[in-house]
Amino acid sequence: NDSPIGDLMTFHDEQLENGPSYKFTHPMYRFKSFKASGYKEIKPLLKKRLENGKICTDLPKIKVIRENVISDINKLDRTYKRLINPHIYKVSLSDSLAEVKFRMLDEHAEANGK
């Protein structure tokens with residue numbers, strides 16, 4: 001099955017490699033997480049398109065974008081696409097990103113007496 005298991009948001013300089021397991025932390029609840037392992041590939045989703053306000057790469061044609069989106073949707077497991085009780089696709093934070101986010105929230109709460 002080539003269905004994606006989730007998206008992992010990371011810092012721009014975090015390098016992920018095929019093979020090791022990675023912790024996916026819920027973006028709202030620091031105590032909710034899961035480890036991903038046994039996956040086939042890691043596919044970076046963001047590509048640099050602008051630099052210093054200028055286009056820095058060839059932009060894909062609308063037809064190609066459409067074909068890629070349809071292909072990606074077709075790869076999703078049917079449980080995410082069903083109308084009744086669909087599974088929720090996981091979008092999570094890397095360890096590094098979660099640590100910074102929750103530390104900032106703690107510091108804000110402390111500074112505001114909460």
Side-chain angles (χ1 to χ4, degrees):
N1 185 357
D2 290 335
S3 177
I5 59 169
D7 290 355
L8 184 64
M9 292 188 291
T10 66
F11 284 110
H12 70 91
D13 58 351
E14 283 186 83
Q15 297 297 314
L16 303 181
E17 301 173 1
N18 280 337
S21 64
Y22 290 100
K23 182 178 176 188
F24 283 54
T25 300
H26 193 286
M28 296 296 293
Y29 307 108
R30 65 182 91 194
F31 58 87
K32 285 188 171 186
S33 66
F34 73 96
K35 286 247 183 198
S37 60
Y39 49 85
K40 291 182 181 178
E41 72 173 314
I42 294 174
K43 179 181 173 185
L45 299 178
L46 293 179
K47 296 178 177 111
K48 186 186 283 190
R49 302 289 189 196
L50 293 173
E51 188 168 13
N52 298 321
K54 306 248 189 265
I55 295 174
C56 64
T57 186
D58 291 334
L59 298 177
K61 303 285 183 203
I62 290 290
K63 182 178 178 182
V64 172
I65 294 171
R66 180 181 185 278
E67 289 167 356
N68 289 340
V69 168
I70 290 170
S71 173
D72 287 347
I73 289 171
N74 287 335
K75 288 178 186 173
L76 286 171
D77 189 86
R78 64 179 179 78
T79 60
Y80 295 111
K81 298 184 281 186
R82 64 187 177 208
L83 296 178
I84 299 174
N85 297 325
H87 284 174
I88 296 172
Y89 187 78
K90 293 173 179 60
V91 178
S92 304
L93 307 177
S94 69
D95 266 350
S96 302
L97 191 56
E99 180 183 322
V100 170
K101 177 192 176 170
F102 292 122
R103 185 179 71 239
M104 288 173 61
L105 288 172
D106 291 343
E107 289 171 2
H108 176 74
E110 186 177 304
N112 290 290
K114 296 182 182 177

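Residue L8 holds its CG atom at 10.0 Å from CG of L45, rounded to the nearest 0.5 Å. Going from atom NE2 of H26 over to atom OG of S92 covers 7.5 Å, rounded to the nearest 0.5 Å. A distance of 6.5 Å separates OG1 in T25 from CG in L93, rounded to the nearest 0.5 Å. We find the CZ-CD1 distance between F34 and I5 to be 5.5 Å, quoted to the nearest 0.5 Å. Distance CG/L46 to CE/M9: 10.5 Å, rounded to 0.5 Å.
For the pair Y22 and E17, the minimum side-chain heavy-atom distance is below 4.5 Å. S33 has its side chain within reach of K23: a pair of non-hydrogen atoms, C-beta onward, lies under 4.5 Å apart. The closest side-chain heavy-atom distance from I42 to L16 is below 4.5 Å. Considering only heavy atoms from C-beta on, E99 stays 4.5 Å or farther from D95 through its side chain.
Between E51 and K54 no salt bridge is recorded (no basic side-chain N to carboxylate O distance below 4.0 Å).
The environment of CZ in F11 is crowded: more than 12 heavy-atom neighbours from other residues, nucleotides or ligands sit within 6.0 Å. Other residues, nucleotides and ligands place more than 12 heavy atoms under 6.0 Å from the CZ atom of R49. Around CG of L59, the count of heavy atoms belonging to other residues, nucleotides or ligands within 6.0 Å exceeds 12. Around atom CD of E107, more than 12 heavy atoms belonging to other residues, nucleotides or ligands sit under 6.0 Å away. Around the CZ atom of R78, the shell of radius 6.0 Å holds no more than 12 heavy atoms that belong to other residues, nucleotides or ligands. The number of heavy atoms from other shown groups lying within 6.0 Å of CG (D58) does not exceed 12. Summarising the local packing, CG of N52 is surrounded by 12 or fewer heavy atoms from other residues, nucleotides or ligands at distances under 6.0 Å.
Across all their heavy atoms, F102 and M28 have their closest contact at CE2-O, 3.9 Å. Residues A36 and F24 approach most closely at CB-CE1, 3.4 Å, considering heavy atoms.
Remark: the backbone N or O of D77 is paired with a side-chain donor or acceptor of S3 at under 3.5 angstrom. In this structure, K75 contributes its side chain and I70 its backbone to no donor-acceptor pair below 3.5 Å.
Taken together through direct or relayed side-chain contacts under 4.5 Å among Ile, Leu, Val, Met, Phe, Trp and Tyr, Y29 and L97 form parts of separate hydrophobic clusters. Under a hydrophobic-cluster definition in which Ile, Leu, Val, Met, Phe, Trp and Tyr are linked whenever side-chain heavy atoms come within less than 4.5 Å, directly or via other members, Y80 and V91 are assigned to the same cluster.
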CA sep, side-chain torsions, deciding dist, call: Y39, N18, side-chain contact (heavy atoms from CB on, under 4.5 Å): CA-CA 8 Å; Y39 49 85; N18 280 337; 3.9 Å; yes
Could you please spell out the steps behind the salt bridge (Lys or Arg N to Asp or Glu O under 4.0 Å) verdict for D106 and K101? CA-CA 9 Å; D106 291 343; K101 177 192 176 170; over 6 Å; no
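Among pairs with a residue in residues 82-91, those fulfilling side chain to side chain donor-acceptor pair (under 3.5 Å) read D7-Y89, T79-H87, R82-H87, at least two apart in sequence or across chains.
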